[in-house]
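Everything below concerns the one structure shown next.
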Amino acid sequence: MTAGAGKKRTGAAAPVTAGPVLDIAGLSVSVRGEDGEREVVSDLSLTLARGETLCIAGESGSGKSMTALAIMQLLPQPAAHISAGRIRLGDTDLADLDDRQMRRIRGDRIAMIFQEPMTSLNPVLSIGRQLTESIEAHTSLSQSEARQRAIEALKAVRISEAESRLKQFPHELSGGMRQRVMIAMALALEPDVLIADEPTTALDVTVQGEVLELLRDLQRQHGTSVILITHDMGVVAEMADRVIIMRHGRMVEEGKTADIFARPQADYTRELLAAVPRIGSGVGRQKSRDAEAATPANVAEVRDLHVRFDLHGGFFGRVNRRVHAVEGVSFSIAPNETLALVGESGCGKSTIAKALAGLVPYSGDIVIGGRNLSGLGRDERKAVRRDVQMIFQDPYASLDPRMRVGDLVAEPLLIHGIASKDERSQRVAALFERVGLSADQMELYPHEFSGGQRQRVCIARALALRPKLIIADESVSALDVSVQARVLDLLKELQREFGVAYLFISHDMAVVENISDRVAVMYLGQIVEMGTRDQLFSNPRHPYTRRLIEAVPVADPGKRRSRFARLDQEIPSSTRKIGETPARLVLSDVGGGHLVAAGS
Amino acid sequence: MTSPIAPDLTAPGRMPVKPRAGVWRRLVRRRLALLGLVIVTIVVAGAVLAPWLTGYDPNEQMFDGLTIEGSPLPPDAKFWLGTDLLGRDLLTRILYGARTSLIIGIVANGVALLIGTLVGVVAGYFRGWIGSALMRFTDLMMAFPALLLAICLAAVFEPSLWIVAMVIALVNWVQTARVIYTETSSLAEREFIDAERTIGASAPRILFRHILPHLLPTIIVWGTLGISTTVLLEATLSFLGIGVQPPTASWGNIIFENQTYFQAAPWLVFFPGAAILALALAFNLIGDALRDILDPTQRGRA
Amino acid sequence: EDAIDPNAKQGGAITITYKDDVATLDPAIGYDWQNWSMIKSLFDGLMDYEPGTTNLKPDLAESYEISPDGKTFTFKLRHGVKFHNGREMTADDVKYSLDRVTNPKTQSPGAGFFGSIRGYDDVAAGKAESLSGVTVVDPYTVKFELTRPDATFLHVMAINFSHVVPKEEVEKYGADFGKHPVGTGAFKLAEWTLGQRIVFERNPDYWHKGLPHLDKITFEIGQEPIVALLRLQKGEIDVPGDGIPPAKFQEVMADPEQKARVVEGGQLHTGYVTMNTTMAPFDNVKVRQAVNMAINKARVIQIINGRAVPANQPLPPSMPGYDKEYKGYPYDVAKAKALLAEAGHPDGFDTQLFAMNTDPNPRIAQAIQQDLAAIGIKASIQSLAQANVIAAGGDKAGAPMIWSGGMAWIADFPDPSNFYGPILGCAGAVPGGWNWSWYCNKDLDAKAAEADSVVDPAKAGERDKMWSAIYDKVMEDAPWAPVFNEQRFTMKSARMGGADNLYVDPVHIPINYDNVYVKDVQ
Amino acid sequence: MIAYLGRRLIQSLLILLGVSLITFALLYLLPADPVRQIAGRSATPQTVENIRQQLGLDQPFIVQYWRYLVKLISGDLGRSYIQRSEVTELIVSRLPASLLLMVGAILCELLLGLSMGLIAAVKRGTATDQTLMVASFVGVSAPQFVVGLLLLYVFAVRLSWFPIGGYGTWRHLVLPSLTMGILGAGWYARMMRSSMIDVLRQDYVRTARAKGLARGTILFRHALPNAILPVIAMIGIDIGIFMGGIVVVESVFGWPGIGQLAWQAIQRVDIPIIMGVTLVSAFAIVLGNLLADIIAPFIDPRIKLR
Ligand SMILES: Nc1ncnc2c1ncn2[C@@H]1O[C@H](COP(=O)(O)OP(=O)(O)OP(=O)(O)O)[C@@H](O)[C@H]1O
Ligand SMILES: Nc1ncnc2c1ncn2[C@@H]1O[C@H](COP(=O)(O)OP(=O)(O)OP(=O)(O)O)[C@@H](O)[C@H]1O
Ligand SMILES: [Mg+2]
Ligand SMILES: [Mg+2]
Ligand code: NI
């Protein structure tokens, strides 16, 4: 589109006017509920200068996403609307624009990355299509050029086999990959303003680092202004020029990054900063439970697990390639133990979780509570499964949108006939409070929650049954640090009391260090290193593990890394041609049960 | 799990106090839905109170109901909606005909919907032979000429309204099953269904508590559309000798008997047609409102 | 030879529509409303009728002789008659055609008409290939020997089933001869697009010089009568083969211009209600008479817009043997009630009235139902597809009452005997038969046989009287309640010419294709 | 995929076999006697018996069915009792017309129905929406015979835009397709509206809007494929419904399709034709359903063929 190209030039001329790119004054957003209107953003004013990175941090449910959506004029219909204030982009007041004019601005001048990766991608369109179309809509590139640009964008967010990924559909990608596709989509157009709502929550630290680097590149080269919504104070420290802290729909503090970190004014800000988990802080939290782990009755034992997905291609849809998502993984989890699974996005973490939960077909053995699942009948398997609960990576997709969240949380109790009706709702209320939600939110529906609140609903749900093993797939990544800290405490507490074991999937090394007893590092479907937390963090042997630990952003603007070392080598992939199997890594004990892949 | 939930977790939470506003109350608050309800009420009342609402016998062929040449009379002060080809009062026949048509449009159509939904949901959710077998059976039923079945049933049974209702249910569930099947098989792949499986929800629970509500819009659409089609289908079946026989009136019959006369005596087609349309539309209005009310994402709609 | 209309113009083409498919044009098989007269124009028989009348005349035969005992018929064939394939028709073809129609392999529905020919039984039983009673005397003479005198035989020689077909063509096409008809008729088949169109073109070699007048007739198939009428009104077609649809009748008759193009005539048809005489309470003659008196025929006719005349006996008025003196049962509700009471049903009874499901039959049945209700007979209506009604009628315990409309008797040939045998005689009162009253009067059967042995054409009047007496007797026993005789209303385009009776020809239905012409050719 | 197709084809054959068996049995049980229909009103009992024997209708059911099946396998559908022609020939001569009408009708339905549904969903709650929905209900509730005649009267008789019935050019096709299409359009419109409303508020539509895509692109590329899923299932169904409605429309418009053939055959118990048409339409329906099942995963890749 020539208009788009022309506009770019105006955009380049913008600094001449020297005014802020984006100017929000007195913005209020209200939602209509069953009991009338409620303000979720109140009287918010902010400005965004050209080339600036503004971070919005704050409590989950404080209106961060709503603010972003208000800027995009994409507030959820029919419930939410802007009740006051004005939003100016350069010289234009966005409220004055009709849909058509707004359309030209969206994607081109303001792009947005949404919080929920699964539901934000169209399930029936290939990701290639979804990528190229926005390029085609705003540029005059030809189809093949657009495709080329899409591939570059995918490579930029470090998606392996970018070319063949274009043909894949969202459900075939891991959560992190979906999020990266979203990012690629927003970046491909090099907008003036980029709003990124929790862009890196689902990403492992290495990719997160690269994505952040990418954002910075963009800023450097095009003068893009970025609004970064995140709860990760590390990311804030690393990226932000200025920070806004929000709570209950209001801005509680605003300031230069260094100032906020050094001299937080509001109580809430202080609280927030105090809650930030830091690597090393977990040491000595608990004694390593190596001795206990030796007890024979493991809650779960996984032996030589394989999960493969066939990819179809060609005219008759024959299977021509295969994703070796999980290749011969073995581990065990003892009662009372937390095993953390870390690794790059797409390495197979969620797939292991799903195999354990019985959601994908696998080969190998999964033994839960001493019983091998593959040898059991349907009913027995169901009984055994009850002891394994899972918190999914994408909270919105995993909650039935037509049920009230209170009912959703009560459901496991109901299914297993635990407690009477009254007791049930009391317990649910208690669970809600435990995860930081209020009891009257039980009456709401999933879509009426913020991303972090939804995740807490999921956690409450998994806790309801008090299982022996909880699989937590990126469960706390979407939470703001204060809630995250509360939830982590809750998890630990439960473990102490009932001996619940966790399989804790996370990319946040600080959190992992904080909660885990043992850590397994995965790479391309295989475990490359496994050992106790202390072994791993104090003595990482595998280069990949080391990289992971180094990549963690530190919540201290003073320690900002100038540039994250980008990998130049080919991005690895677990997709193989039929008949090709990846080489099996052999783990050898380097002492005290610390297993490391040989040859590294 | 045997250990009781520890007291620390059951620290009494604040109980929500707000009662859930009843579906009914929310329904009658909507103008269009109310209109639908009123129409349905009128139709039902008309059917029930027919003998008191009209001075005519629905089957009486009146001498003054035809012209000398034997043509029906257009609406006038005596016969408000005119007379039919046998000199009977059309209004009276439409009122009495509502009895038949309501049973067909609501009961038969409802049963068909029920069967279709059940089959579709079960087939769409269960992989393996159950689903496959159910769908192939559906295909068989669909491929099989329904008319022929009707003719044979007509030969075997005494024609009666209930037979016709049965045949309609037997024939009409198939289409619903097909549509529901496709939608269910897509829903079954959604992640929240996976989540239900992990908490140990039984298949019936997933089907009825989680999948069914999502199918509601489709079910409502098919249900309301089914009203007109079944009412008209009843006429075809009556024509084949299965179902109500003349002189018993039904809306479908009245149209069917008189459709070739629609130019000579348009009222004979127009009024019963309007009755069917009104009934179907009324249910559609109710269904549409219901769909909004039951859809949480539509909360806040003015 | 009949005279040719001096006003007739030669040439031109007309279009005729039909709703239903034309099944076959094989004269041995075709037995439908549409193909019956089409076949008559493609083929010829030894005998035929004078156009627009019921008067027999020799056709392919030049002359015939009947032996005094009425058992031998000798026909002299016309010379120089050619099949459409150019070959001359001879006596061998006549014999071949009759052998063929009676052969069970042909599955002819008309085989039974030839039952009186000697040797028929052997052929029908599959024991012989050839009728021993048919002899080729010489190429232009054929002799028929019968097992009994048969007064209807000349009619039989005029019906389609006895039309002459060329052996070589039949053998060439086998079972598909019906799609590739080759005869001696006035027209030959030019095109047949299944389900759409049949085109006849003039047979230039037709032996009857001066006929046919038309060059081409196009039959368009699958046309709804209402639509056909619309097309007629727009001038796209010339004759709607299925007549004026009831829904349009008033409209047409109200418009003088259109009404002028309507030809009304009688037809060999009677509509009646059968009562199963073996089934209580219809086994009581008084009940049957009561029903006869209860039906308000005028009202029924009003319902069908006056398109019929009231009937009081089985035979229609245009049929020889119709008894003009006979008054029938009057419409008398009080008397009917009294009769019912006499029969032991003062309060009436419940019964069923079967009717075919196409308009206007269910309406007529409802009118009758109301009339019956007036004397206490509560008849529930069974409105069914034709095949089902026929099945119920053929079952002794199947149907107490049947309204015959839609399936009613239209004569195969204009002879009084045609209304008796299968529908009122003992022969038809068998399972699967067409005598739906299950009325079997051995006396009358004997009388019928007697009447049919009066072969001498000179005694035709006498024979008709004998038949009148038979039908009067039938009415005494009242197995039927005759209701009306349908009138025919044929509508034509303005350009169609020819005498009116050609458009209500009792034999060529709907019109006599061979004799009509169009006025707008030069 | 190939394995799936193979399995489905075998299943389809079994379905056809089942349909043929049930249909044959029902026809056998029918009280109406085909021989009576052939023999006509003047036939003597002997003629009737002769015909019965000739057609093998005196044989036990199993024998009759077996014979039929054996001939069927060699592609022989037998000869019509009444018309006396090869059933194959009769069907083949009429099938193209029916298929053409079907294509025309489905096109009409989709065009009318989907656009109506789409517009109604986008303009949800407005007067346009309500008008469209009433219109769709009128389409569904109106008797086809009347609709057909009305269209014929207005567009052919009065306006002379189209010929009054018949078959041949595209102009002949318009009115019958429209008549059939109006009914189906109502269904499609309602279904489309319903699922479109659902889809339009999904997150990915929001994403598409955030990308600044044109409205048309959002509607047609993003929303439509998601919304169309239940509509796809209609393909197979449609063929079934089509077979029901075809009789009326074909007769109103003098359309030489198999509907008329079937209708006449049913009335006259012409078993070979009934069987033939049943098998052909069953085949079409089974094929349509198979097609719908095969297309579904292409439209929604999350659905797996199984
Ligand atoms: N249904 C599927 N079909 C094909 N491939 C799939 C499917 N599901 C997952 N995969 C592939 O399996 C691999 C592992 O996916 P998985 O979801 O386990 O990753 P992950 O480790 O959880 O990553 P993330 O941290 O990004 O969530 C990925 O390459 C993904 O593309
Ligand atoms: N569709 C909706 N209807 C009603 N209320 C809503 C809706 N969407 C969000 N809310 C409410 O609006 C408030 C602000 O939500 P928002 O999504 O902006 O939070 P957030 O700051 O982005 O939180 P998080 O970090 O958890 O994503 C929350 O209290 C939420 O419950
Ligand atoms: Mg948010
Ligand atoms: Mg994952
Ligand atoms: Ni441009």
Side-chain angles (χ1 to χ4, degrees), chain B residues 32 127-128 131-132 135-136 138-140 142-149 151-152 155-156 174-175 178-183 185-186 189-190 214 217-218 220-222 224-225 227-229 231-233 235-236 252 255-256 259-260 262-263 269 273 276-277 280-281 284 288 291 295 297-298 301, chain D residues 11-12 14-16 18-19 22-23 26-27 29-32 125 130 133-134 137-138 140-143 145-146 149-150 153 186-187 190-191 193-195 197-198 201 229-230 232-234 236-237 240-241 243-244 262 266 274 277-278 281-283 285-286 289 292-293 296 300 302-304 306:
Chain B
L32 285 175
R127 294 136 195 277
S132 187
M135 273 338 277
R136 296 300 82 75
T138 311
D139 285 354
L140 179 86
M142 201 185 295
F144 178 74
L147 223 54
L148 202 65
L149 184 73
I151 294 173
C152 283
V156 177
V174 190
Q175 292 114 13
R178 232 10 265 183
V179 172
I180 296 286
Y181 163 77
T182 318
E183 243 183 298
S185 43
S186 165
E189 301 297 330
R190 296 267 293 265
H214 288 260
T218 307
I220 288 172
V221 168
W222 280 78
T224 49
L225 285 172
I227 291 173
S228 337
T229 12
V231 167
L232 290 175
L233 182 61
T236 316
I255 291 183
F256 204 85
Q259 56 187 9
T260 52
F262 88 93
Q263 274 181 303
V269 177
I276 295 178
L277 187 64
L281 267 177
N284 179 55
D288 231 27
R291 164 212 164 107
D295 182 351
T297 57
Q298 288 305 298
R301 196 164 253 282
Chain D
Q11 284 172 348
S12 302
L14 285 178
I15 288 173
L16 288 183
V19 169
I22 301 175
T23 313
L26 283 178
L27 288 168
L29 293 173
L30 214 62
Q130 268 147 23
M133 285 305 101
V134 171
F137 265 89
V138 171
V140 173
S141 311
F145 185 88
V146 176
L149 272 184
L150 218 60
Y153 192 74
W187 284 88
R190 291 287 302 134
M191 290 194 25
R193 174 178 181 269
S194 174
S195 56
I197 285 174
D198 237 22
R201 51 168 185 258
L229 198 66
I232 288 302
M234 282 284 288
I237 298 171
I241 293 176
M243 289 297 164
I266 285 181
I274 300 178
V277 174
T278 301
S281 73
F283 181 73
I285 292 167
V286 168
N289 283 333
D293 283 351
D300 185 347
R302 289 170 300 183
I303 297 178
K304 299 178 191 89
R306 52 182 193 247

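Since this is a predicted model, take the numbers as computed values, not measurements.
- With a 4.5 angstrom heavy-atom cutoff, D:Y153 touches chain B only via side-chain atoms.
- Separating the CZ atom in B:F256 from the CZ atom in D:F145 is a distance of 9.5 Å, to the nearest 0.5 Å.
- Contact annotation for D:I15: both backbone and side-chain heavy atoms come within less than 4.5 Å of a heavy atom of chain B.
- Of all the listed residues (D:L14, D:L27, D:L26), the one sharing the greatest number of non-hydrogen pairs under 4.5 Å with chain B is D:L26.
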Might you work through the side-chain contact (heavy atoms from CB on, under 4.5 Å) test for B:T182 and D:I232, ending with a clear yes or no? CA-CA 8 Å; B:T182 318; D:I232 288 302; 5.6 Å; no
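- Between the CZ atom in D:F137 and the CG atom in B:L277 there is a gap of 8.5 Å [rounded to 0.5 Å].
- Between the side chain of D:R190 and the backbone N or O of B:T224 there is no donor-acceptor pair closer than 3.5 Å.
- Heavy-atom pairs under 4.5 Å with chain D were tallied for B:I180, B:I276, B:D288, B:I255; the largest tally goes to B:D288.
- Counting heavy-atom pairs closer than 4.5 Å to chain D, the top residue among B:T229, B:I220, B:D139, B:L233 is B:D139.
- Rounded to the nearest 0.5 Å, atoms CG (D:D198) and CD (B:E183) are 8.0 Å apart.
- Of the atoms belonging to B:V269, it is side-chain heavy atoms, and not backbone ones, that fall under 4.5 Å from chain D.
- Ranked by heavy-atom pairs under 4.5 Å with chain B, the list D:V277, D:L150, D:V286, D:L29 is led by D:L150.
- Here the straight-line distance linking atom OG of D:S141 with atom CD1 of B:I227 works out to 9.0 Å at 0.5 Å rounding.
- Nearest heavy-atom pair across D:I285 and B:A143 is CD1-CA, 3.9 Å.
- Options B:G273, B:G131, B:S186 differ in how many heavy-atom pairs under 4.5 Å they form with chain D, and the most are formed by B:S186.
- Using modelled atom types, one finds no donor on one side chain facing an acceptor on the other under 3.5 Å when comparing D:S12 with B:R136.
- Comparing B:M135, B:Q263, B:Q259 by heavy-atom pairs within less than 4.5 Å of chain D, the highest count is held by B:Q259.
- For the atom pair CZ (B:F144) and OG (D:S281), the distance works out to 10.5 Å, reported to the nearest 0.5 Å.
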Stepwise side-chain contact (heavy atoms from CB on, under 4.5 Å) check, B:L281 with D:M133: CA-CA 9 Å; B:L281 267 177; D:M133 285 305 101; 5.7 Å; no
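- Taking CG from D:D293 and OH from B:Y181, the interatomic distance works out to 5.0 Å, rounded to the nearest 0.5 Å.
- When heavy atoms are compared at a cutoff of 4.5 Å, B:T236 does not approach chain D at all.
- In this structure, the portion of D:D300 lying under 4.5 Å from any heavy atom of chain B is its side chain and not its backbone.
- When each of B:V221, B:V231, B:T218, B:L225 is scored by its heavy-atom pairs under 4.5 Å with chain D, the top score falls to B:L225.
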